[in-house]
Amino acid sequence: MDNSVLFKNVIYKYQMNTPFQHTALNNINLKIKAGSFVSIVGKTGSGKSTLVKHINALLKPNSGTINVGNFTINSKTNNKNLKKLRRKVGMVFQFPEQQLFANTVKEDIAFGPLNFGYEENKIPNIVEHVSKIVGIDKDLLNKSPFELSGGQQRRVAIADVLATNPEILILDEPTAGLDPEGKKFIMNLINDLNKNQDITIILVSHQMDDVAKYSDEVIVMQDGNLVKQCYPDELFANTNLLKKYDLQMPVSVKINLMLNERGFKLNDLHLDEDDLINAIINKLKEC
Amino acid sequence: MPMDNFIFGRYLPMDSIIHKMNPAAKIFLCFYFVILVFFANSLLSYSAMCLFVIVLIFLSKSPIKMFFKGIMPLIWIILFTIAIQILFSSGGEMIYKIGIINITTFGIKNAIFLFMRFILIISLSTILTITTDPLEISSGISILLRPLKKLKFPVETFSLMISIALRFVPTLTDETKTIMDAQRSRGVDFGSGGLVKRVKSFIPLLIPLFVSAFKHADNLSIAMESRGYRINNRRTHYNNYGWSNFDTLSLFLAVFISMIIFILRK
Ligand SMILES: Nc1ncnc2c1ncn2[C@@H]1O[C@H](COP(=O)(O)OP(=O)(O)OP(=O)(O)O)[C@@H](O)[C@H]1O
Ligand SMILES: [Mg+2]
């Protein structure tokens, strides 16, 4: 089953027909291939969150259609019968720890699978499996989620979503407000899900280092318009584009530029820090 | 910031003389006119009141659509009350009678008045909320409550409570939406299935909302104390709303309108 995501002429306006009407998505066309790691970037307020909420029909377009696998979402999509779609598309919101509510971590993780009708005797296995993936110790499972630290809560919230075994995983700024260690852990986890379990990743992020390092493709939003969809090196190699779209330069690109200025030319642009280090070492060996 | 919160979001920042009025005067007059509506008891006095409210709507430069939006949520209560009036009142000429149902001229007249009374009161309060920023409302209320200080009523604390509550309405509305979206993504169907299932589906919404409200309260109280807030001290305010000639004029106008209503009354 091909689970690609396809937007056709999607328009969305907040607060239609009021004085506050605001066009958040202006005729969006895009395709996200199944199994790919796609990042969505853009200035704050450019419509990234609005865009991704259309993929599991939390918002429905005013006009245009969205296809997710064999699902079609348009302005007339009924609010019922969305369970299958939402089971396929997992969504991790910004500050997802807000969604925790159950008595114990275990119950919180089991909540999604139960809603989606997983058999009850499979639940303990699922809980154990996903808590291992996100790195939650076994003895935390019987604690209240509100007793955990912020970073641990974030992991539980991600486990909540992974527990429903999504084929497409959307993450809206999943590392916001975490310490560097926690950030790295989450990004590695996401990358791992993509590479080893073939889950399509759609990542909304302001962290250009992560975007540059992990994504197969980048989508740039600006004022409700999709202004660019391309490979990360195409975007990050071009300082003018970055300026034009108000995007920060990843550290790896900065180092590249600085080396260039000092006459130390590398052949390719390396967006991954390990690649960059290796390239520098190799170049030094040549000299 | 998204502004579509349902209760107070109706405020429309515009430039009309009603918008510019002193909030305390506006709130006082709004209550005054609502009470005045209850004194109208004849076709003429109701018409005068309607005319006056229409002029006010016009002066406030607010779109008529907003008034329908104010009425719509209450429409069933209004229709129900009217139906009871028409079907079950006695007195006046009998038009139709079957069993306990009793349609009389008196009942119909009362129903019409009742309907107008509802519309007038809703329109008046809508004019207030459309033209007055929530912060202005809370400051207006605290000014109006000031005399209660003599009775040891904690006016300052009370008005601060109101402004904090108003301040957090949009925040909590936003959070409600986010949490609902998150739980929907986890397979919750809000408002479907049997009664028990429906009520149960709100638990994953209410608990996070309470947790977050307590967190906000905690953070806010720490922030306030660290900035020297002491309970029931008299505070100065960031905004001081002036008293203009138009405010004085509007008070005289209120007296004038009351006179008209009392003359047209039966
Ligand atoms: N509920 C709402 N009502 C009205 N306008 C909204 C609402 N939610 C978002 N908007 C507006 O729509 C636009 C796009 O919002 P969106 O949340 O998609 O931006 P974003 O790219 O995710 O920004 P950020 O990086 O800050 O999360 C913004 O201008 C925002 O003000
Ligand atoms: Mg966002």
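Letters go in sequence order (proteins before strands), and every chain restarts at 1.
More than 12 non-hydrogen atoms from other residues, nucleotides or ligands lie less than 6.0 angstrom from CZ of F52(B). Atom NZ of K53(A) is surrounded by more than 12 heavy atoms from other residues, nucleotides or ligands within 6.0 Å. Within a 6.0 Å sphere centred on CG of D192(A), heavy atoms belonging to other residues, nucleotides or ligands number more than 12. Heavy-atom neighbours of F68(B) CZ from other residues, nucleotides or ligands within 6.0 Å: at or below the threshold of 12. Counting non-hydrogen atoms of other residues, nucleotides and ligands closer than 6.0 Å to CG of N245(B) gives a total of 12 or fewer. Annotation for F31(B): atom CZ does not count as buried by contact number, only 12 or fewer foreign heavy atoms lying within 6.0 Å. Crowding of Q21(A) atom CD: a count of heavy atoms from other residues, nucleotides or ligands under 6.0 Å exceeding 12. In the displayed structure, F58(B) atom CZ is contacted under 6.0 Å by at most 12 heavy atoms of other residues, nucleotides or ligands.
Atom CZ of F146(A) and atom CD1 of I207(B) lie 6.5 Å apart (nearest 0.5 Å). Atoms CG and CZ, from L206(B) and F101(A) in turn, are 11.0 Å apart once rounded to the nearest 0.5 Å. The CG atom of L209(B) sits 9.0 Å away from the CD atom of Q98(A) when rounded to the nearest 0.5 Å.
Between chain B and the options T164(A), L82(A), D160(A), heavy-atom pairs under 4.5 Å are most frequent for D160(A).
For a heavy-atom cut-off of 4.5 Å, chain A lies close to D181(B), A182(B), Q183(B), R184(B), S185(B), R186(B), G187(B), V188(B), D189(B) in residues 180-189 of chain B.
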